[in-house]
Amino acid sequence: LGVEGLLRSNSDISISDSFAVTGSFYSTATTRFNGSSVFTGTGIFTDVSINSGNSLSLSANALFEVRGQFQNNGGTFSTTLLPNTVWYSGNSSSILGTSYNNVRMTGGNTKFAGGNITLTGNLSVDSLTTFSGSTSSVTFNGNDTLKSVANGYFLFNDVIINGGKTLYGGTLSISVAGNWSNSGSFISTGASTVTFMGSTAQSISRTSFQNLHLSSSGTKSALGNWTINGNLTIDAGTTFDANSTTDTLKGNYLNTGATIHPGTSTFVMNGTSPQSLYGFYFNKLLIFFSETKPCNYSFCKVKKWRLFRSK
């Protein structure tokens with residue numbers, strides 16, 4: 001099927017071959033893919049389904065906009081011909097759990113992951129829209145960027161960054177309700193804050209954060225060394241298990257009443273500006289200070305501690 005001008009479909013259609021759009025295509029009904037189809041160009045769909053045993057592939061530079069439901073009923077959906085984008089723009093609250101290159105979400109409501117998602121490109125949420133990982137995972141398997149325009153919001157469940165891959169968070173603040181597994185790199189800047197706010201146990205692997213916030217009742221367990229370039233805040237009612245990690249803080253530390261299990265960990269404070277420290281139970285604390293960079297601390301219990309004068 002080829003569309004060179006403007007085609008608007010108000011009835012259900014079934015496509016069993018490739019679908020090339022060089023003009024405009026807009027469907028207000030259901031589009032069913034019943035063969036081995038490759039979509040080329042730009043299309044606006046309401047409801048989309050891939051039937052059992054069939055396939056839909058997006059070509060390079062394809063823009064596939066879905067305003068309703070996107071369902072895969074036992075078929076195959078492929079986005080390996082890069083780059084391409086799936087744009088969830090309507091009031092539908094479900095995001096197909098599958099592999100994507102780029103995903104954009106708009107519409108002003110909450111979009112819930114309908115299954116595990118893998119990305120090789122960018123994840124963009126805007127126009128007062130919230131992405132919720134629900135009970136699913138999001139795996140970042142490329143040099144991926146989180147983007148937010150007009151107060152878009154990210155609420156992940158499990159986050160996985162594959163080895164050799166990078167997730168760029170920029171200055172965005174995100175929330176995570178599940179586990180954080182980082183075998184690659186996470187890069188954030190400025191006022192960016194990652195908040196772990198799950199009500200069940202959460203594990204957090206080695207990562208360099210800008211600001212880190214531990215909240216809610218689930219135990220937060222460090223499974224690798226952390227570097228925190230800004231501030232670390234741990235809320236009352238939260239339990240933090242440091243295990244045997246070495247964690248470095250360059251900003252301030254605030255504990256408003258959390259339960260701390262320091263294990264055999266080491267906590268290093270080596271910021272270049274004055275740092276404050278309030279309410280921590282340490283196993284080993286190393287403080288690097290100078291006349292121009294004092295360290296103010298109170299209500300801290302430390303098994304072993306050392307002060308180092310910076311030159």
Side-chain angles (χ1 to χ4, degrees), residues 1-92 94-107 111 113-127 129 131 138-149 152 165 167-168:
L1 175 63
V3 177
E4 295 183 355
L6 171 63
L7 174 62
R8 178 186 176 101
S9 173
N10 295 321
S11 301
D12 293 355
I13 61 173
S14 180
I15 297 175
S16 58
D17 204 344
S18 293
F19 187 6
V21 178
T22 56
S24 294
F25 173 76
Y26 176 34
S27 171
T28 62
T30 299
T31 303
R32 297 182 177 90
F33 291 91
N34 290 315
S36 297
S37 301
V38 177
F39 176 79
T40 303
T42 299
I44 301 173
F45 301 85
T46 298
D47 294 326
V48 175
S49 68
I50 306 171
N51 288 343
S52 178
N54 299 297
S55 65
L56 169 62
S57 299
L58 300 187
S59 69
N61 300 309
L63 175 58
F64 196 83
E65 181 179 347
V66 181
R67 295 184 174 179
Q69 297 289 332
F70 189 3
Q71 297 179 326
N72 185 350
N73 300 312
T76 301
F77 179 59
S78 175
T79 59
T80 58
L81 300 173
L82 308 179
N84 53 69
T85 300
V86 177
W87 178 7
Y88 291 92
S89 63
N91 293 322
S92 172
S94 180
I95 301 298
L96 178 66
T98 189
S99 295
Y100 298 94
N101 180 218
N102 301 306
V103 176
R104 182 185 181 194
M105 303 178 199
T106 60
K111 313 281 191 191
N116 296 335
I117 291 172
T118 298
L119 286 164
T120 58
N122 302 326
L123 179 59
S124 176
V125 177
D126 55 61
S127 302
T129 302
F131 168 69
V138 177
T139 298
F140 295 95
N141 195 40
N143 292 320
D144 306 323
T145 300
L146 299 179
K147 297 182 177 181
S148 173
V149 180
K165 309 302 180 181
L167 173 60
Y168 296 92

The ring pair (Phe, Tyr, Trp, His ring centres under 6.0 Å) partners of Tyr100 (sequence neighbours excluded) come to none
List the steps, then state whether side chain to side chain contact (heavy atoms under 4.5 Å, CB included) holds for Asn141 with Leu119. CA-CA 6 Å; Asn141 195 40; Leu119 286 164; over 6 Å; no
When every non-hydrogen atom of Leu82 is compared with those of Ala60, the smallest separation belongs to O-CB, 3.4 Å
Can you pull out every side chain to side chain donor-acceptor pair (under 3.5 Å) where at least one residue sits in residues 50-61? Sequence neighbours excluded, please. Asn34-Asn51, Thr40-Ser59
Is the Phe45 to Phe25 ring centre distance short of 6.0 Å? yes
For Phe39 and Phe19, take the angle between the two ring planes, folded into 0 to 90°, and tell me which bin it lands in: parallel under 30, tilted 30 to 60, perpendicular over 60. perpendicular
CA sep, side-chain torsions, deciding dist, call: Asp144, Leu123, side chain to side chain contact (heavy atoms under 4.5 Å, CB included): CA-CA 7 Å; Asp144 306 323; Leu123 179 59; over 6 Å; no
Are Ile117 and Thr139 packed together at the side-chain level, in the sense that at least one heavy-atom pair is separated by less than 4.5 angstrom? no
Identify the residue among Asp47, Thr46, Thr30 that makes a side-chain contact (heavy atoms from CB on, under 4.5 Å) with Asp12. Thr30
Measuring from atom CE of Met105 to atom CD1 of Ile95, what distance do you get when rounded to the nearest 0.5 angstrom? 4.5 Å
Let's go through Glu65 and Ser89 carefully: what are the C-alpha distance in whole Å and the side-chain angles of both, what is the deciding distance for side-chain hydrogen bond (donor to acceptor under 3.5 Å, both in side chains) to 0.1 Å, and is it a yes or a no? CA-CA 7 Å; Glu65 181 179 347; Ser89 63; 2.7 Å; yes
Taking the side chain as every heavy atom from C-beta outward, state whether Ile13 and Phe33 have any atom pair closer than 4.5 Å. no
Tell me, do Tyr26 and Arg67 make a side-chain contact under 4.5 Å, heavy atoms counted? yes
Could you check whether any side-chain N or O of Thr85 sits under 3.5 Å from a backbone N or O of Trp87, counting only pairs where one atom can act as donor and the other as acceptor? no
State the CG-CG distance between Leu58 and Leu81, to the nearest 0.5 angstrom. 8.5 Å
Could you go step by step and tell me if Phe77 and Val86 meet the side chain to side chain contact (heavy atoms under 4.5 Å, CB included) rule? CA-CA 12 Å; Phe77 179 59; Val86 177; 4.0 Å; yes
As an exercise, state the distance from CG of Asn10 to OG of Ser27, rounded to the nearest 0.5 Å. 8.0 Å
Could you tell me the separation between the OG atom of Ser78 and the CG atom of Leu56, rounded to the nearest 0.5 Å? 8.5 Å
Calculate, to the nearest 0.5 Å, the distance between atoms CG and CG belonging to Leu96 and Asn72 respectively. 6.0 Å
Can Asp126 and Arg104 be counted as an ion pair, charged N to O under 4.0 angstrom? yes
Please report the closest heavy-atom contact between Ser37 and Ser16, naming both atoms and the distance. OG-C, 4.0 Å
With sequence neighbours left out, what residues match Ser94 under side-chain contact (heavy atoms from CB on, under 4.5 Å)? Gln69, Ser92
Heavy-atom donor-acceptor pair, Ser99 side chain to Thr118 backbone, under 3.5 Å: no
Among Thr79, Thr80, Thr120, which residue satisfies the side-chain hydrogen bond (donor to acceptor under 3.5 Å, both in side chains) criterion with Asn101? Thr120
Interatomic distance, Thr28 atom OG1 to Ile44 atom CD1 [nearest 0.5 angstrom]: 11.5 Å
Would you please test Thr129 and Lys111 for side chain to side chain contact (heavy atoms under 4.5 Å, CB included) and show each step? CA-CA 7 Å; Thr129 302; Lys111 313 281 191 191; 3.8 Å; yes
